[in-house]
Amino acid sequence: PNVPVFQPVRPLPSVHFHVERIHVEHSVPMYAPELISTVSSLSQPSDNLLHHCYAHLYLKVFGFQAGLTCQDSTGEFLPLIPIIPSFSTALYGKLIQMPSYWSKRSSVPTTEWILELPHFTVQATRAQTLLLQAICHSWSHSVYNSTPTSLSENLLNEVY
């Protein structure tokens, strides 16, 4: 059989993602049917009671960063060139449980999402942007049936 032999591409540029820590919390109402039928029947339920009628999701990401690196001919990775410097973010969401009980209450939101992104930066040179584009294209070229973008040695030298 005629089996193709693939030679490793070196240097091999890549996008590197790093996260220090991820924290996820998810909570749902305890005894939801009893709680929600009671709270939804009140004319003016307190915010505290309403809070317990939602499912809650907290997602916190600490120290996320992304950058370019390159695997050299020995298989070692070169130091990371940061494109997105380290930052932290948080996402909070809530979803009302048993929404049919709340259909006549327009003042009670069915969902709410809050994204906290206090500091976010993207910094890239033209050469780094072209290299990122070539890497992204290499991930998707087979899906779109186009020819892969070739990486020039000059571009790699300009980035690294």
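- Residues forming a side chain to side chain contact (heavy atoms under 4.5 Å, CB included) with L59 (at least two apart in sequence, or on another chain): I22, V24, V61, L91.
- Applying the salt bridge (charged side-chain N to carboxylate O under 4.0 Å, His left out) rule to E112 yields the partners K94; only residues at least two apart in sequence or on another chain are considered.
- Counting only residues at least two apart or on different chains, no side chain to side chain donor-acceptor pair (under 3.5 Å) pair has a member in residues 95-111.
- In the hydrophobic cluster analysis, where Ile, Leu, Val, Met, Phe, Trp and Tyr join through side-chain heavy atoms closer than 4.5 angstrom, Y54 is grouped together with L42.
- Partners of L132 under the side chain to side chain contact (heavy atoms under 4.5 Å, CB included) rule, at least two apart in sequence or in another chain, are V15, L68, I83.
- Using a 4.5 Å cut-off on side-chain heavy atoms (C-beta onward), P85 and F64 make no contact.
- Taking the ring pair (Phe, Tyr, Trp, His ring centres under 6.0 Å) definition, one finds that H18 meets it with nothing, sequence neighbours left out.
- Partners of F77 by ring pair (Phe, Tyr, Trp, His ring centres under 6.0 Å), not counting sequence neighbours: none found.
- The minimum heavy-atom distance between V39 and P45, with the atom names listed, is CG1-CB, 3.7 Å.
- Listed by chain and residue number, A66, F87, F120, V122 satisfy the side chain to side chain contact (heavy atoms under 4.5 Å, CB included) test with I84 (two or more places apart in sequence, or in another chain).
- Pairs of residues two or more places apart, or lying in two chains, never qualify as salt bridge (charged side-chain N to carboxylate O under 4.0 Å, His left out) while including a residue from residues 16-28.
- Between the CG atom in D72 and the CG atom in L12 there is a gap of 10.5 Å [rounded to 0.5 Å].
- Contact annotation: the side chain of E76 never approaches that of L78 to less than 4.5 Å [non-hydrogen atoms, C-beta and beyond].
- As a member of the Ile/Leu/Val/Met/Phe/Trp/Tyr network built from side-chain separations under 4.5 Å, L95 groups with nothing else and remains a singleton.
- Sorted by first and then second residue, the side chain to side chain donor-acceptor pair (under 3.5 Å) pairs with a member in residues 30-47 form an empty list; sequence neighbours excluded.
- Interatomic distance, CD of E116 versus CD1 of I114, reported as 7.5 Å (0.5 Å rounding).
- Shortest non-hydrogen contact noted between L35 and P29 is CD2-CB, 4.2 Å.
- For the side chain to side chain donor-acceptor pair (under 3.5 Å) condition, the pairs that include at least one residue of residues 55-70, sequence neighbours left out, are H56-Y92.
- Residues forming a side chain to side chain contact (heavy atoms under 4.5 Å, CB included) with H119 (at least two apart in sequence, or on another chain): T121.
- Using modelled atom types, one side-chain atom of S88 and one backbone atom of G63 make a donor-acceptor pair closer than 3.5 Å.
- Between A124 and T129 the shortest heavy-atom distance is CB-OG1, 3.7 Å.
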